[in-house]
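Just so you know, these numbers come straight off a predicted model, no measurement behind them. Worth knowing before you read on, the calculation uses all heavy atoms, side chains too, and leaves out hydrogens, waters and symmetry mates.
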Amino acid sequence: MLPFGPLPLLDAAALGYLVAAWFLASWLIESPPRRHPSVSLIMQDYRRDWMRTFVTRQPRIFDATLIDSLRQGTAFFASASMIAIGGGVALIGNAGAVQRLAGDLPLAGTGPDLALRMLPVIGFLANALLKFVWAHRLFGYCSILMAAVPNDPADPVAFHRAGQAAEINITAARSFNRGLRSIYFALAALGWLLGPWGLIIGNTLATGVLLRREFASQSRRVILMREP
């Protein structure tokens, strides 16, 4: 048993800062100002354009390959998250290994303290795993809806089913992006192993990188150029 005690005030504040940054960054990315949308929101229009183009594209092998690659990507991240969770749980469950780790590395705190500081990392990884698994399933739903789109673009249900596929695709991408954000903050939570200031600095860097890529990246400027 690991004797977890009450958190020092600075550690509790740093942990609260981590959780607050996670919630606020997620809210800002998914509900950005109209004048400055995030990359995730901009890509929703492209996903709808994709499904509209898909109706008239013959053959549709390209679209099948693309949706399969999206499923493979979510499966890869789900597997990686599961392996990382297993490693973290094994570390926490072996107090002796945690003690040796604390003695061999320049980390803050004793073995039980390090085990406690791994809990947020495992929590974020678990959330990421759930999001990736759900995204993988939704991309599967999307592929079935795409297969149900009639080959004749003049069929009255063709664009309706393509629209359904687009919305499921968007929902799957939203879940996938939430999983990726959890990975960002799991990496930030590793900073707690160096102490509360390590957590604060790691969280600030992770949040800054995440928001820059969503709101101020070169890729965003390219994506915004919808017309030549």
Side-chain angles (χ1 to χ4, degrees), residues 25-26 28-32 34-85 125-184 186 209-228:
S26 298
L28 186 60
I29 290 169
E30 295 184 3
S31 303
R34 289 187 178 181
R35 295 182 179 180
H36 201 82
S38 63
V39 171
S40 297
L41 200 66
I42 297 169
M43 289 303 296
Q44 293 182 7
D45 293 332
Y46 282 97
R47 293 177 189 277
R48 294 187 178 101
D49 290 345
W50 171 20
M51 290 299 119
R52 283 191 291 266
T53 304
F54 158 77
V55 175
T56 58
R57 185 170 13 241
Q58 295 295 338
R60 296 172 176 174
I61 297 175
F62 169 79
D63 306 280
T65 302
L66 185 55
I67 200 71
D68 183 62
S69 70
L70 292 175
R71 295 195 73 192
Q72 290 180 11
T74 57
F76 167 78
F77 279 104
S79 299
S81 298
M82 188 176 300
I83 293 171
I85 291 170
L125 290 174
N127 182 71
L129 173 62
L130 293 174
K131 298 302 181 183
F132 291 138
V133 169
W134 182 233
H136 187 270
R137 189 171 185 179
L138 287 174
F139 281 128
Y141 293 162
C142 179
S143 64
I144 293 172
L145 286 170
M146 292 169 66
V149 175
N151 288 329
D152 183 5
D155 191 301
V157 302
F159 282 94
H160 171 70
R161 287 184 179 168
Q164 289 179 296
E167 296 309 312
I168 295 297
N169 194 315
I170 289 170
T171 305
R174 184 183 301 118
S175 184
F176 179 76
N177 289 333
R178 288 173 177 173
L180 287 180
R181 285 197 295 273
S182 290
I183 296 294
Y184 274 84
V209 169
L210 183 61
L211 293 180
R212 188 197 68 80
R213 291 178 177 178
E214 287 285 346
F215 293 101
S217 62
Q218 175 63 27
S219 58
R220 180 183 181 277
R221 289 190 286 271
V222 173
I223 293 170
L224 278 173
M225 295 186 293
R226 292 180 60 87
E227 301 297 333

Seminar exercise, completed: Looking only at heavy atoms, the pair that brings A25 and L210 closest together is CB-CD2, 4.3 Å

Exercise. Got a second to check how far M225's CE is from R220's CZ, nearest 0.5 Å?
Worked result: 12.0 Å

For this session: Output all residues satisfying ring-ring contact (aromatic ring centres under 6.0 Å, His included) with F215, sequence neighbours left out; order by chain, then residue number.
Result: H36

Exercise. Got a sec, which pairs hit side-chain hydrogen bond (donor to acceptor under 3.5 Å, both in side chains) with one end in residues 152-166, sequence neighbours left out?
Worked result: none

Problem set entry | A64 backbone acceptor or donor facing D68 side chain under 3.5 Å | no

Exercise. Between M43 and I223, is a side chain to side chain contact (heavy atoms under 4.5 Å, CB included) present by the stated rule, with each step listed?
Worked result: CA-CA 8 Å; M43 289 303 296; I223 293 170; 3.9 Å; yes

Problem set entry | T53 backbone acceptor or donor facing T56 side chain under 3.5 Å | yes

For this session: Compare every heavy atom of S38 with every heavy atom of P32, then report the nearest pair and how far apart it is.
Result: CG-N, 3.6 Å

Seminar exercise, completed: Rounded to the nearest 0.5 angstrom, the CD1-CE distance for I168 and M51 is 11.5 Å

Seminar exercise, completed: Closest heavy-atom pair, A128 versus G179, reported as atoms and distance to 0.1 Å, is CB-O, 3.5 Å

Exercise. Taking only residues two or more places apart in sequence, or in another chain, which ones meet S79 in a side-chain hydrogen bond (donor to acceptor under 3.5 Å, both in side chains)?
Worked result: none

For this session: Mind checking side-chain hydrogen bond (donor to acceptor under 3.5 Å, both in side chains) for R174 and listing every partner two or more places apart, or none if nothing turns up?
Result: none

Exercise. Sequence neighbours excluded, which residues qualify as side-chain contact (heavy atoms from CB on, under 4.5 Å) partners of A78?
Worked result: L129, F132, V133

For this session: Measure the shortest side-chain to side-chain distance between R226 and I42 over non-hydrogen atoms and say whether it is less than 4.5 angstrom.
Result: no

Exercise. Does the side chain of R221 come under 3.5 Å of the side chain of Q218 through a donor N or O and an acceptor N or O?
Worked result: yes

Problem set entry | Shortest non-hydrogen contact from S40 toward N177 | OG-ND2, 3.4 Å

Exercise. When rounded to the nearest 0.5 angstrom, what is the spacing between CZ in R47 and CD1 in I170?
Worked result: 7.5 Å

Exercise. Is there any salt bridge (charged side-chain N to carboxylate O under 4.0 Å, His left out) pair reaching into residues 51-60, and which pairs are they, with sequence neighbours excluded?
Worked result: D49-R52, R57-D63

Exercise. Would you call R181 and E30 a salt bridge, taking side-chain N to carboxylate O under 4.0 Å as the test?
Worked result: yes

For this session: Scan T74, T171, L70, L138 and name whichever one has a side-chain contact (heavy atoms from CB on, under 4.5 Å) with F176.
Result: T74

Exercise. By side-chain contact (heavy atoms from CB on, under 4.5 Å), which residues pair with S175, not counting sequence neighbours?
Worked result: K131, W134, A135

For this session: Mind listing the closest non-hydrogen atom pair of A158 and P150 along with its distance?
Result: CA-CD, 3.7 Å

Exercise. Considering all heavy atoms of both residues, which atom of I183 and which atom of S81 are nearest to each other, and what is their separation?
Worked result: CD1-OG, 3.8 Å

Exercise. Taking only residues two or more places apart in sequence or in another chain, which ones pass side-chain hydrogen bond (donor to acceptor under 3.5 Å, both in side chains) with S217?
Worked result: S219

Problem set entry | Partners meeting side-chain hydrogen bond (donor to acceptor under 3.5 Å, both in side chains) with R34 (sequence neighbours left out) | none

For this session: Report, as yes or no, whether the 6.0 Å neighbourhood of atom CG on L224 holds more than 12 heavy atoms from other residues, nucleotides or ligands.
Result: yes

Seminar exercise, completed: With sequence neighbours left out, the residues meeting salt bridge (charged side-chain N to carboxylate O under 4.0 Å, His left out) with R48 are D45, E167

Seminar exercise, completed: Output for pair (I29 CD1, L211 CG), nearest 0.5 Å, gives 5.5 Å

Seminar exercise, completed: When rounded to the nearest 0.5 Å, the distance separating CZ of F77 from NE2 of H136 is 13.5 Å

Exercise. Which pairs, with at least one residue in residues 38-75 and sequence neighbours excluded, count as a ring-ring contact (aromatic ring centres under 6.0 Å, His included)?
Worked result: none

For this session: Taking side-chain contact (heavy atoms from CB on, under 4.5 Å) as the test, write out the residues that go with I144, two or more places apart.
Result: none

